Colleague: 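Questions regarding the structure given below will be posed in turn.
All residue numbers in this chain count up from 1 along the given sequence. This is a predicted model, so every value here is computed, not measured.
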Amino acid sequence: MNRKEKFIITINRELGSGGRTVGEKLAEKLGVPFYDKALIKALEKKYNLTVEEIESLKGRSHSWWADFKRLIGMGYALSNNPNQKYSVTNEPDLLTTDEMFMTEQEILKGIAETESCVVAGRSGFYVFRNHPNHLSILIQAPKEQRIQRVMRKRNITAEEAEQIINDVDTQRENYVQKYTGTTRYDTRNYNLVIDSAGKTEEEIANIIMMYIG
């Protein structure tokens, strides 16, 4: 990946691995915005974005994402604070439709056309598989570590945390298989695979920075 040119870093992660936090820290270190799929889905829902609407925006401007950010009030924050994070805390509903998947792809591609950024999300590795300056990362963790993290984050029991992890793992894998024809555990989809066991999010972000060079 060439940091001197516009780049996109996508992070796929297991729930409870700390992947989203790593993405935020990495974006801060690189001085670029951080986006997650919850934000993308929130934008889609709030502003009723469809593939047709995005195509219309593209027809009016080559920098449609920049124009859209200004329209909804995101542009000022980003232009004055490149480390600004746009994220929604709660996990989004993983159920989707073909139309929603196409819309999410268009939003993500619009972001990448306009700016360098870090994106955490379940289809980024696929959406940008042919991008000339794309780094794809997978962050995993042992099951027990994932359970402990989800317990702390949500103040729930180990049994509840494990059930949530199992449900999300199944939903995300079904999603990836349906829309990409591959599995999210296929390491050939990534440039870098990291086991977060025994590492802090800061340490993992530093590992990625060393890899980027």
Side-chain angles (χ1 to χ4, degrees), residues 1-14 17-44 46-47 49 54 57-58 61-89 91-92 103-140 184 189-194 196 199-213:
M1 191 192 82
N2 185 356
R3 291 173 60 181
K4 295 181 180 179
E5 297 180 0
K6 201 174 299 177
F7 63 82
I8 177 82
I9 297 176
T10 57
I11 296 180
N12 208 44
R13 77 278 184 216
E14 292 182 316
S17 68
R20 177 181 281 119
T21 302
V22 170
E24 293 174 347
K25 289 182 176 296
L26 182 62
E28 290 173 359
K29 291 176 182 296
L30 291 167
V32 300
F34 169 79
Y35 299 98
D36 67 10
K37 293 301 293 293
L39 166 85
I40 303 303
K41 292 180 75 66
L43 286 176
E44 176 188 343
K46 182 173 182 178
Y47 297 99
L49 288 178
I54 292 172
L57 288 169
K58 285 183 176 178
S61 170
H62 291 299
S63 58
W64 76 270
W65 174 249
D67 290 346
F68 180 71
K69 284 193 301 183
R70 285 193 291 271
L71 176 67
I72 65 174
M74 290 172 63
Y76 179 83
L78 281 178
S79 63
N80 286 273
N81 182 3
N83 298 326
Q84 179 68 46
K85 297 173 290 188
Y86 289 96
S87 156
V88 178
T89 300
E91 286 288 325
T103 301
E104 288 173 6
Q105 284 197 89
E106 292 302 315
I107 293 173
L108 287 170
K109 289 176 181 178
I111 293 172
E113 288 172 3
T114 305
E115 61 194 0
S116 295
C117 59
V118 175
V119 175
R122 60 189 185 266
S123 64
F125 74 88
Y126 177 81
V127 173
F128 297 106
R129 63 195 183 282
N130 296 319
H131 191 284
N133 203 21
H134 168 217
L135 177 64
S136 181
I137 301 168
L138 172 65
I139 298 177
Q140 298 178 300
R184 68 193 185 117
N189 293 319
Y190 310 100
N191 303 106
L192 186 62
V193 179
I194 299 175
S196 66
K199 305 177 185 71
T200 67
E201 290 89 349
E202 181 73 19
E203 288 170 340
I204 298 170
N206 286 335
I207 289 171
I208 298 171
M209 290 295 292
M210 290 175 61
Y211 179 86
I212 294 171

Colleague: Hey, what do you get for CZ (R184) to OG (S123), rounding to the nearest 0.5 Å?
Modeller: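 Rounded to the nearest 0.5 Å, the CZ-OG separation comes to 12.5 Å.
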Colleague: State the CZ-CD1 distance between F128 and I111, to the nearest 0.5 angstrom.
Modeller: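 F128 CZ to I111 CD1: 7.0 Å, rounded to 0.5 Å.
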Colleague: Give, for atom CG of N206 and atom CG of L26, the distance between the pair rounded to the nearest 0.5 Å.
Modeller: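 Going from the CG atom of N206 to the CG atom of L26 covers 9.5 Å.
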Colleague: Would you please name every residue forming a side chain to side chain contact (heavy atoms under 4.5 Å, CB included) with N2, sequence neighbours left out?
Modeller: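 Once residues adjacent in sequence are excluded, the partners of N2 under the side chain to side chain contact (heavy atoms under 4.5 Å, CB included) criterion are K4, E5, N133.
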Colleague: Of the non-hydrogen atoms in S116 and P33, which two are nearest, and what is the gap between them?
Modeller: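 In this case the closest contact between S116 and P33 is O-CD, 3.4 Å.
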Colleague: Let me see the working for K109 and V127 under side chain to side chain contact (heavy atoms under 4.5 Å, CB included), right down to the final yes or no.
Modeller: CA-CA 8 Å; K109 289 176 181 178; V127 173; 4.0 Å; yes
Colleague: Apply side chain to side chain contact (heavy atoms under 4.5 Å, CB included) to the pair L135 and F7, showing each step before the final yes or no.
Modeller: CA-CA 8 Å; L135 177 64; F7 63 82; over 6 Å; no
Colleague: What residues, two or more places apart in sequence or in another chain, satisfy side chain to side chain contact (heavy atoms under 4.5 Å, CB included) together with R3?
Modeller: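 Partners of R3 under the side chain to side chain contact (heavy atoms under 4.5 Å, CB included) test: M1, L30, M209, I212.
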Colleague: Test of understanding: with ring pair (Phe, Tyr, Trp, His ring centres under 6.0 Å), list the residues that count as partners of Y190, not counting sequence neighbours.
Modeller: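 By the ring pair (Phe, Tyr, Trp, His ring centres under 6.0 Å) rule, Y190 matches F125.
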Colleague: What's the shortest heavy-atom distance between S17 and S196, and which atoms?
Modeller: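 Heavy atoms of S17 and S196 come nearest at O-OG, 3.2 Å.
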Colleague: What distance separates F34 CZ from T21 OG1, expressed to the nearest 0.5 Å?
Modeller: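 F34 CZ to T21 OG1: 8.0 Å, rounded to 0.5 Å.
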Colleague: Give a yes or no answer on whether the side chain of K6 reaches the backbone of A112 with a donor-acceptor pair at less than 3.5 Å.
Modeller: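 It does not hold such a pair.
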Colleague: Return the set of residues passing side chain to side chain donor-acceptor pair (under 3.5 Å) with Q140 (not counting sequence neighbours), or none when no residue passes.
Modeller: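 Q140 satisfies side chain to side chain donor-acceptor pair (under 3.5 Å) with no residue once adjacent residues are dropped.
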Colleague: Measure across Y35 and E115 and return the closest heavy-atom pair with its distance rounded to 0.1 Å.
Modeller: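 Between these two residues, the closest heavy atoms are OH-OE2, 2.5 Å.
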Colleague: Does E202 have any salt bridge (Lys or Arg N to Asp or Glu O under 4.0 Å) partners at least two apart in sequence or in another chain, and if so, which?
Modeller: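 If we apply the salt bridge (Lys or Arg N to Asp or Glu O under 4.0 Å) test to E202, skipping adjacent residues, the hits are K25, K29.
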Colleague: Please name the pair of heavy atoms, one in I11 and one in G19, separated by the smallest distance, quoted to 0.1 Å.
Modeller: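 For I11 versus G19, the nearest heavy atoms are CG2-O, 4.1 Å.
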Colleague: According to side chain to side chain contact (heavy atoms under 4.5 Å, CB included), who are the partners of I194, at least two apart in sequence or on a separate chain?
Modeller: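 Scan of I194 (side chain to side chain contact (heavy atoms under 4.5 Å, CB included), adjacent residues dropped) gives L192, I204, I207, I208.
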Colleague: To the nearest 0.5 Å, what is the distance between CG (L138) and OG1 (T10)?
Modeller: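 Spacing of CG (L138) from OG1 (T10) equals 10.0 Å.
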Colleague: Rounded at 0.5 Å granularity, tell me how far CD1 in I8 sits from OG in S136.
Modeller: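 Reported value, rounded in 0.5 Å steps: 10.5 Å.
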